[in-house]
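Here the structure is laid out as structure tokens; the discussion comes afterwards.
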Amino acid sequence: MSRLPAVFAVLTLVLAGCATPVPPTAGDPNWEWPEDPPTDRLGWENGYWYNESLDISQSDGLDEAEREALVARTMARVEHIRQLEFTKQVPVEVVSREEYRADRESRSTQSDRSAEYRAWNNQVWEALLLVGEDREVSDVLEELYGGSVLGFYSPSRDRIVIVSDSETPQINRGTLAHELVHALQDQQFGLASDARTQDAQLARSGIVEGDARYVEYLYENRCESGAFDCIPKPERSGGSSSDRSAPGVFVTIYTPYSEGPALVDALYRRGGWDAVNDVYANLPASTEQLIHPEKYPDEAPVEVSVPDRSSSGWSRFDRDQQFDTVGEASLYAMFWQNHYIEQSALRRNTGNYSAYNYAHPATTGWAGDRVVPYRSDDGENTEYGYVWAITWDTEEDAREFKSAYETTLKLHVGGQRVEQGVYRVPDDRSFGDAFRVTRNGKRVTIVNAPTVEDVDSVHRRR
């Protein structure tokens, strides 16, 4: 699969506030908290009740005792909001952004990702017209995560890392609450995932990140309303929320953070926290179910097959899984980055719990897809191509997507029509290749190769 970083992180984005009711007794100055309970209980952790005040200032950073107190009280608050109990303490470390970037670079260098995997993954993102031939997808992701992550929870290391942009160690209260939800999820449900495609990974992360973001919303609303006595947020001085040269990559990987909370809210309204807990045993199967919560859980993605009709030295990559599925959210990001979708549309009609709006007529109606990268190696040069088949709910959906894709090729990518359904993008462009676009009923097939002559060699016509 086109694997994304296996940590549960908070990415930078300014989100719209959401109105949430506050418990009537919370924040009452006359409220007297009972003594510490003899045993652990919801809303109390390591000596602190969820609504106790802390005499802490972050102006000069947090010492170890202050950090322990803040973590304990935040754990109690997460328990109180989420109505789930932590089973053990969660280690929290604060690092500078420079330390975080250095650690990511070190782990990336030690990664066992082969050159073959990187070449295969490049073709997946190139098919989406998001990362061109002049860049490596791994470099784009490193740049993006290095600048936008505020904190993360690592299940393998069983700890939370908060990234501080100040010279002294400071903690963003929302980031801490968000990452503590991930630790709570790991303790109660486990965070292991068997997702094998990009779309499935984003979909399943939609519950994990959506649950954490939803609790973060509720937490922040209590702080802003005065229901919780909260420490001020530190100012953020470093990092960047997206890679300006490939903003659609950020829009793609932000899908769980944007669309997940809306699905969690829909589940909560159906059956409270029990309904949210139950979804961990039946996670969403596609980003379509995140974008359109009414489609969860009944509308599962269609299995798409791509027969191998290559010739003349072209072959699929020698991998256990030779294909990927990118899904509706990635299709939206493709059209958005390439300006087929108006840039401002991303932030219109988002709803209470969504940062972005991923619904568009050109991508709604997605039923399933499969991207299969190909390569040709003559011993001196290696060339690449791919076959991308997309199935739609109706023939009208397929026609609309095909029209949008061909318009994008011609007007925004620089493609010139060679013959019916065949386009050539000049080699000096980022996506300088040949493309064949066909529709058969509800199925659209895109074949990519370095030249028009190579297209039939990658996937000959039926």
Side-chain angles (χ1 to χ4, degrees), residues 1-4 8 18 82-84 181-182 184-186 188-218 252-305 321 323-333 349-361 363-370 390-394 397 401 442:
M1 63 172 288
S2 179
R3 188 172 300 279
L4 302 174
F8 301 91
C18 312
R82 189 56 180 80
Q83 289 296 291
L84 280 177
V181 175
H182 287 325
L184 182 61
Q185 293 165 333
D186 198 21
Q188 292 287 345
F189 310 114
L191 288 178
S193 173
D194 59 353
R196 291 177 57 81
T197 69
Q198 177 172 304
D199 189 49
Q201 184 180 354
L202 289 170
R204 295 179 180 216
S205 293
I207 289 299
V208 176
E209 297 298 348
D211 191 357
R213 181 65 88 182
Y214 191 65
V215 172
E216 184 183 350
Y217 283 149
L218 302 181
T252 299
I253 66 174
Y254 201 78
T255 305
Y257 301 86
S258 173
E259 303 305 274
L263 177 55
V264 171
D265 180 58
L267 293 168
Y268 182 81
R269 292 176 186 278
R270 293 177 198 172
W273 288 119
D274 286 343
V276 179
N277 295 342
D278 290 344
V279 78
Y280 284 89
N282 185 23
L283 293 169
S286 68
T287 54
E288 179 188 46
Q289 293 180 337
L290 299 184
I291 298 168
H292 312 282
E294 70 278 4
K295 296 189 176 184
Y296 172 82
D298 297 328
E299 191 163 327
V302 172
E303 185 79 13
V304 177
S305 62
Q321 183 168 310
F323 67 90
D324 206 347
T325 297
V326 294
E328 182 178 345
S330 298
L331 293 180
Y332 180 97
N349 303 318
T350 59
N352 284 338
Y353 291 96
S354 295
Y356 294 152
N357 180 1
Y358 287 77
H360 189 273
T363 53
T364 297
W366 174 95
D369 75 79
R370 178 168 292 192
I390 310 165
T391 298
W392 298 87
D393 290 337
T394 67
D397 292 330
F401 170 80
K442 296 187 289 186

OG1-OH distance between Thr364 and Tyr358, expressed to the nearest 0.5 angstrom: 14.0 Å
Test side chain to side chain donor-acceptor pair (under 3.5 Å) applied to Tyr214 - qualifying residues, sequence neighbours left out: Asp265
Spatial distance of atom CG (Asp278) from atom CZ (Phe189) [nearest 0.5 Å]: 8.5 Å
Criterion side chain to side chain donor-acceptor pair (under 3.5 Å) against Thr287, the qualifying member of Asp199, Thr255, Thr325, Thr363: Asp199
Side chain to side chain donor-acceptor pair (under 3.5 Å) partners of His360, counting only residues at least two apart: none
Spatial distance of atom CD (Glu259) from atom NE2 (His292) [nearest 0.5 Å]: 9.0 Å
Gap separating the CG atom of Leu263 from the CD atom of Glu294, nearest 0.5 angstrom: 10.0 Å
Residue list, side chain to side chain donor-acceptor pair (under 3.5 Å) with Glu303, at least two apart or on another chain: Arg370
Tyr268: side chain to side chain donor-acceptor pair (under 3.5 Å) partners, not counting sequence neighbours: none
From Gln201 atom CD to Ile253 atom CD1, the distance as rounded to the nearest 0.5 Å: 10.5 Å
Euclidean distance, Tyr217 OH relative to Arg213 CZ, rounded to 0.5 Å: 5.5 Å
Partners meeting salt bridge (Lys or Arg N to Asp or Glu O under 4.0 Å) with Asp194 (sequence neighbours left out): Arg204
Listed partners of Asp274 passing side chain to side chain contact (heavy atoms under 4.5 Å, CB included), at least two apart: Asn277
